[in-house]
Amino acid sequence: YCTRGPGLPVVSKRSACVVCSSSGHSKQWLMGFRFSFTRYVIPSLDRSHAGFYRCIVRNRVGALMQRSSQVQVAYMEGFVEGERSQVVSQGEAALISPPQIHSFPRPGITWFRDGRKIPPSSRIALTLDNTLVILSAVAPDAGRYYAQAVNDKNGENKTSQPIILNVESDVSECFRSVWLSTLTTDSTELFAEHPQFVKEPDRHITAEMEKVVDIPCQARGVPQPDIVWYKDAVPISPAKTPRYRVLVGGSLQINGLLPDDTGMFQCFARNLAGEIQTNTYLAVTSIAPNITAGPSDSAVIDGMSIILHCETSGAPRPAITWQKADRVLASGSVQLPRFTLLESGSLLISPAHLSDVGSYTCMASNSRGIDEASADLVVWARTRITNPPQDQSVIKGTKAAMTCGVTHDPSASVIHRHIWEKGGAAIDVKSSPRLRLDSNGTLHLSQTWSGDIGTYTCKVTSVGGNDSRNAHLRVRQLPHAPENLIATLSSSERRTINLTWAQAFDGNSPLIRYILEVSENNAPWTVLLANIDPEASSVIVGGLIPARSYQFRLCAVNDVGKGQFSRETSVRKVPKMEKKNVLLNSIEVAAYNGAGQGVYSPKVTEWTLQGAYQIAFRKNSSSITSANVDVLNPSARQYTATGLKPESVYVFRLTAQTRKGWGEAAEALVVTTEKRARPQPTSHPVVPQEEVQARSVLLSWEPGSDGLSPIRYYTVQYRELPDSNWTVHSASVNHEASSYVIDKLKPFTSYQFRVKATNDIGDSEYSEESEAITTLQDAPDKAPTILSVTPHTTTSVLVRWKPPPEEEINGILLGFRVRYRELRYDRLRSFTVRTVNSPSANWAELTAPYSMRNLTESSLTQYELDNLNKHKRYEIRLSVYNAVGEGPTSSPQEVFVGEAVPTAPPQNAAIQSSTATQLDVTWDPPPVEAQNGDIQGYKVQYFDVLQLDPKIFSIEISQSKCTFVKSCSGFNEIFFYSTAPSAPSFIHFSELTTTSVNMSWGEPKQRNGIVEGYRVVYEPCTPVDGVSKVVTVDVKGSTPLWMKIKDLADGVTYNFRIRAKTLTYGPEIEANITTGPGEGAPGPPGEPFISRYGSALTLHWSSGDPGRAPITRYVIEARPSDEGLWDILIKDIPKEVTSYTLNLDTLREGVTYDFRVIAVNDYGYGSPSAPSPSISAQKVSPFYEEWWFLVVIALVGLIFILLLIFILIIRGQSRKYTEKTDSVNSKVFSVCSSSRSPPRPSPGSLHYSDEDVSIKYNDLVPAESSSLTEKPSEVSDSQCSDSEYELDPSRQKTHSFVNHYISDPTYYNSWRRQQKGVSRPPAYGYAQPDTVAEQESRPHPPPLPPIRPVSLFSSYFDTFGMEI
């Protein structure tokens, strides 16, 4: 519903709007909400919107405020009273008053009895206040009466509770006057007459500076209207501006007019009947143009925008023209591409090109003169990233370097800043010793791990522009061990085993192959298959030997190396085949003699020899070919050679034999000498990255010289970085070893290692230290310590804990896991019988399985576990987890859920004074649903309000009534405190954007004491990125009743809850809100860009999609570049504007900011634009504060003083010449003394007075106050001009020093004292022709002879335009 014009009331229940009609103006409403071009729309109207509204219209001339419009909201609540009874004696008049109801406007009342409408009659009537009157009540009048209220504005109707009328048989007199007086109640209305103007000002008033002007305004009405004055829609306060005075009758008087007095003046006349207004425009004229804020030397980035400021004053308003050299760039009639003349007079260059370098001049002119100012513009080449970071793939534990090379304008010392981000979050290089940032922007990451995987962004910010580039880092590592390796005997082929497995994590690098190893009859592991297809998940192993047992293990290989082996398979034995013994001989022995052979002995069977060792040694010489050879028993493991020669070198060869033959020989050189020494250190030990585990590493080295003595063992030491001492891990490493597994290390810890060798002579020096390596993460070793588990509500408990020590976490803590389950038994009261249905079961779970909640916030130390069942006992455990896995769970903690602190205060508290020193306090228990258990007692607090620092007394009782006894005199007031206040009255949301919202609330209806603060809790209704973050904010004090939330996620529905606190927190009120633009809201504006000028920043953008309704305004958000929280900076920017200038004083100096723009229409806030390039709020000092400018001013002043001294010397010489001339022509002087002008005074006697001249030339030059006051020169009347001067009338008239300049107003302008920091036009400006014409029209005194020094002096100033 819309009014036809300002001043009309509006009554509605849904929405309202007020029309604002004007021309040539922009519009602004005094209250918030949405508005279109000429309408102010209030959607979702409620009672809080009732009030008066005004419309302000503006343009460059000024502002006007229209008459107010009243919005009245129609509403109707329910009847306040309940059912009641009324008794009247038979024959008396029954007066039935309607129950009280809150409604606007006043509703119409209709009476019903027993469901039927009661029509008026001679015996039944309705009074003015809707009271039902029944004359001479009789028994049939008894019954149930109802009052129906109807609001004719919104159509609502309500029916009251029944009013039961009982008519008794007792008859008494009926006093008709009772109801007749009610029917004829007098209602006296106040008489008021609408204001009318008696005298109004003209629509346009022109006045001169420093004059006094009266603006008439008189009105009449009943009561007499009050007169209120406004200038440009701002109330005029004579107390603040003494030059403004409201005269008797209402007229406004302004003394000493100034240029700032130009504008729109409004006179409002108001009384109870309404208001009227009239207006006028006051123009202060006769002001020469003056550039009050000229352009300053500026620099801009190529492709960006720049504004050269030029603010002027003058009357009439000066015309602005911008020039570069002799080329006009922009004016009222000329505008070249890329150059825009703004309304303020400033010049917008968008976009700037490198060719725009040069000097720019702003020229302001009007009928009174001209003024100009210039500045130089420098255009910088944009700062760019020329060596951007590249996508990389590195091995875990190694280093990664992300480059970010920058080029910038070579002619400027541009300081740029590198900012690295990972996944959109800024990287703090100082937070980890693994990170390092070079001065050239390169980011180094050492000891890389899987947590470093992601997209990295390099952002470069500088005054020369901003740039950013992205690159992805991939960290490769050894593949994990294959899982579920299973070996099964083949059912189809003999001597064959089938192997199957599940592929595991490939370490972020494609697998190359699998390696299968086998152990036969518990023999050492050997490679069986070294090149299994990486895509395979099974393999068949054939050709196995019967009757032998086999175990297998498998590992994966990628380009990083070989990963860990899987778990060994269970032992699989190949079935036996038919026995075939291999015999060396079957022996039978018989004796024989010359007669022949005897009888054989019984057979003897011997198995074949399975193997033997053969050792051979000789001197290491080419001339010796023979060797000593011995065959050793297969069980031999040692051999002693004797008969060797000292100081000789021998070669020993050892060969093994089986039934298949001899194997390859092993050789060794042995020196028989006594000249032995300590061994040399081993080579630099190394730890291959693929051999790094969480608690062990494989250390490898190359042996050094043994010092001609066998190495007996090695000693391995380690130390924990950065500051631990060296510790011996093992002093008995096998002398033949060149690698060693160092175990019992701490996970996720950096170490260094070193090795020394020992022979029979002694120890070697320790080897060089290995490179620092970091062990892998492992599952945590310790659980958190649960400090307490306490009931919080009837369905929730609060768990508090202490996390385990950092060294027990074994990695980076990612979060906590809460496990809880309901205990389905009661240890103290009864038993629960459960049936086990399976007859073969030998165990049963007596308790429910655990439920789990994952908490991803690693800094938590408490958590509210909610949604539990009331009156149940729960068991709670807690654990931590990192990237590898979960640690052990804590000891279980039991808690009973169902009884907690009451969350509502006692009700219906009342105080009654029984004596002068005693008060009785009564109350009702809290609501049942808020008691959270059995109420055991109450606490009452009271204090003396007359004391400056009152002491609070507490009383604990177990009943609903107590008595206070106070014996001191003067005790006259006691406050009653219940346990908690009621819930806040409402929650309201405003200024909803994609990441923020303004939340406000109302005070509790029952405060029950002094409100100490509020607790606001909000959380997303569904997890955001797997995280459900609960935020609690405590607001101290009873005000303010609002807060700004800025850390929300876009498009997420949040639940907000708030409760008030006195002595404790009361019940809460909650509401939901979804962030982001609503349906029909505007789209994002174009990406903004920033131009900077001095201490101001100008933000430019382009309009986007308006949505389903026209854009009504724009909002600018800002954030510090290193914080990431957006906040509204500027709220109400008119919809026609696509740029905004803000002063750096509104920002924190030295902080870098990002900006973005949001469009607003009737549907709400739209999507924000892309962020602007970051810009620093660093102020630039103006040029007039620079040292070089002060030096130049000092030099100019010195030169001026020297010139003045020179002129005075010349002037003194000319005086002598004048005296000679006077003596020669004395007779002539005496004759014309009556018509000659006064002589030219000397400079020393000059009187420079603004006041004398301003009277004569007041119509040409406005007078100004001046401190230059001197006495007038005493001039003789007997002096006159030389007669020879009159002989040449065509010659230019030359005056004395004073007359020559005072007679010309143009020169007078140059003499006048100037305002500080304000330049004046030269003496030969545009106003000179008019001044000369006026000068010639006036009578001149007779001219004096020409004086050369004076003409030189005037020509000097004419030439250089200097001012005195």
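Note that this is a predicted model, so its numbers are computed, not measured. Because only heavy atoms are used, hydrogens play no part in the values below, and waters and symmetry mates are left out as well, while side chains stay in.
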Tell me, do Glu720 and Tyr751 make a side-chain contact under 4.5 Å, heavy atoms counted? yes
With side chains defined as the heavy atoms from C-beta onward, is the minimum distance between Asn558 and Asp506 less than 4.5 Å? no
May I ask you to decide if Ser446's main-chain N or O and Thr448's side chain share a donor-acceptor pair within less than 3.5 Å? no
Exam field: side chain Gln907 to backbone Pro925, donor-acceptor pair closer than 3.5 Å: yes
Once rounded to the nearest 0.5 Å, what's the spacing between atom CG of Leu435 and atom CG of Leu445? 5.5 Å
Exactly one of Val1033, Ile1058, Leu992 should register a side chain to side chain contact (heavy atoms under 4.5 Å, CB included) with Met999. Which one does? Ile1058
Interatomic spacing from CZ in Arg800 to CD1 in Ile786 - rounded to 0.5 Å: 13.0 Å
Under the criterion side chain to side chain contact (heavy atoms under 4.5 Å, CB included), I'd like the reasoning laid out for Val560 against Gln477: C-alpha separation, chi angles, the key distance, then a yes or no. CA-CA 6 Å; Val560 179; Gln477 62 186 55; 5.7 Å; no
Could you grab the distance from atom CG of Leu499 to atom OG1 of Thr488, nearest 0.5 Å is fine? 7.5 Å
Heavy-atom pair with the smallest gap, counting every atom of Lys1029 and Pro1020: O-CD, 3.2 Å
I'd like to know if the side chain of Thr1053 pairs up with that of Thr1074 as donor and acceptor (distance under 3.5 Å, no hydrogens or angles considered). yes
For Arg853 and Asn867 the tightest heavy-atom approach is NH2-CB, 3.9 Å
Determine yes or no for a side-chain-to-main-chain donor-acceptor pair under 3.5 angstrom, with Gln503 supplying the side chain and Ser537 the backbone. no
Taking the side chain as everything from C-beta on, heavy atoms only, tell me whether Leu1041 gets closer than 4.5 Å to Ser1000. no
If you count heavy atoms of other groups shown closer than 6.0 angstrom to CZ of Arg567, is the number above 12? no
Among Tyr1014, Phe986, Phe1056, which one satisfies ring-ring contact (aromatic ring centres under 6.0 Å, His included) with Trp1001? Tyr1014
With a 4.5 Å limit on heavy-atom distance, are the side chains of Trp801 and Val789 in contact? no
Test side chain to side chain contact (heavy atoms under 4.5 Å, CB included) on Gln689 and Leu478 and set out the steps. CA-CA 8 Å; Gln689 183 63 36; Leu478 294 175; 5.8 Å; no
Between OG of Ser724 and CZ of Arg719, what distance do you get to the nearest 0.5 Å? 9.0 Å
Between the main-chain N or O of Val799 and the side-chain N or O of His792, is there a donor-acceptor pair closer than 3.5 Å? no
Counting N and O atoms only, with roles assigned by atom type, does the side chain of Thr856 sit under 3.5 Å from a partner on the main chain of Gly815, one being a donor and the other an acceptor? no
I'd like to know if Arg821 pairs up with Glu875 as an ion pair, taking the criterion as any Lys NZ or Arg NE/NH1/NH2 lying under 4.0 Å from an Asp or Glu carboxylate oxygen. yes
So, Asn810 and Asn882: side-chain donor and acceptor under 3.5 Å apart, yes or no? no
Closer than 3.5 angstrom, by distance alone: can the side chain of Ser890 be matched with the main-chain N or O of Leu878 as a donor-acceptor pair? yes
Can you name the nearest heavy-atom pair linking Pro479 to Val557, along with the distance? CG-N, 4.1 Å
Between Glu517 and Arg553, is the salt bridge (charged side-chain N to carboxylate O under 4.0 Å, His left out) condition met? List the steps. CA-CA 5 Å; Glu517 292 190 350; Arg553 65 181 185 180; 2.8 Å; yes
Check the angle between the aromatic planes of Phe753 and Tyr718 and answer parallel, tilted or perpendicular using the 30° and 60° thresholds. tilted
Check whether any side-chain heavy atom of Asn869 lies under 4.5 Å from a side-chain heavy atom of Val897, and answer yes or no. no
Donor-acceptor contact below 3.5 Å, side chain Gln551 vs main chain Thr569: yes
For Ala1049, does its backbone N or O pair with a side-chain atom of Tyr1054 as donor and acceptor, under 3.5 Å? yes
Nearest-0.5 Å distance that lies between atom CZ in Arg695 and atom CG in Asp778: 4.5 Å
Evaluate the side chain to side chain contact (heavy atoms under 4.5 Å, CB included) criterion for residues Val797 and Tyr874: first the C-alpha distance (whole Å), next the side-chain angles of each, then the deciding distance (0.1 Å), finally the verdict. CA-CA 10 Å; Val797 296; Tyr874 280 85; over 6 Å; no
Check whether any side-chain heavy atom of Tyr820 lies under 4.5 Å from a side-chain heavy atom of Leu868, and answer yes or no. yes
Grab the two heavy atoms, one from Val394 and one from Ala400, that are nearest each other, plus how far apart they are. CG1-CB, 4.0 Å
For Tyr863 and Phe816, run ring pair (Phe, Tyr, Trp, His ring centres under 6.0 Å): C-alpha distance rounded to whole Å, both residues' side-chain angles, the deciding distance at 0.1 Å, then the answer. CA-CA 10 Å; Tyr863 175 71; Phe816 302 87; over 10 Å; no
For Phe565 and Trp525: C-alpha separation, side-chain torsions, deciding distance, then whether ring pair (Phe, Tyr, Trp, His ring centres under 6.0 Å) applies. CA-CA 11 Å; Phe565 278 98; Trp525 291 96; 7.6 Å; no
Could you verify whether a donor N or O on one side chain and an acceptor N or O on the other, from Thr994 and Thr1075, lie under 3.5 Å apart? no
Donor-acceptor under 3.5 Å (Asn1055 side chain, Cys1021 main chain): no
Does Trp1042 CH2 have over 12 foreign heavy atoms under 6.0 Å away? no
For residues Arg1059 and Pro984, report the shortest heavy-atom separation together with the two atoms involved. CA-CD, 4.0 Å
Nearest atoms (heavy-atom pairs only) where Ser750 meets Thr774: OG-OG1, 2.9 Å
Salt bridge Lys1061-Asp1034, side-chain N to carboxylate O under 4.0 Å: no
Does a donor on one side chain sit under 3.5 Å from an acceptor on the other, for Ser796 and Glu864? yes
Do Ser566 side-chain atoms and Leu554 backbone N/O form a donor-acceptor pair below 3.5 Å? yes
Other residues, nucleotides and ligands only: do more than 12 of their heavy atoms fall within 6.0 Å of NZ on Lys746? no
Got Phe748 and Glu806 here, is their nearest side-chain heavy-atom distance under 4.5 Å? no
Do the side chains of Leu473 and Lys422 get nearer than 4.5 Å, heavy atoms only? no
As an exercise, state the distance from CD1 of Ile809 to OG of Ser858, rounded to the nearest 0.5 Å. 8.5 Å
Start with the C-alpha gap between Ser570 and Arg572, add the side-chain angles, then the distance that decides, and say whether side chain to side chain donor-acceptor pair (under 3.5 Å) holds. CA-CA 6 Å; Ser570 57; Arg572 288 290 181 262; 3.0 Å; yes
Could you please spell out the steps behind the side chain to side chain contact (heavy atoms under 4.5 Å, CB included) verdict for Leu860 and Gln862? CA-CA 6 Å; Leu860 290 178; Gln862 66 179 27; over 6 Å; no
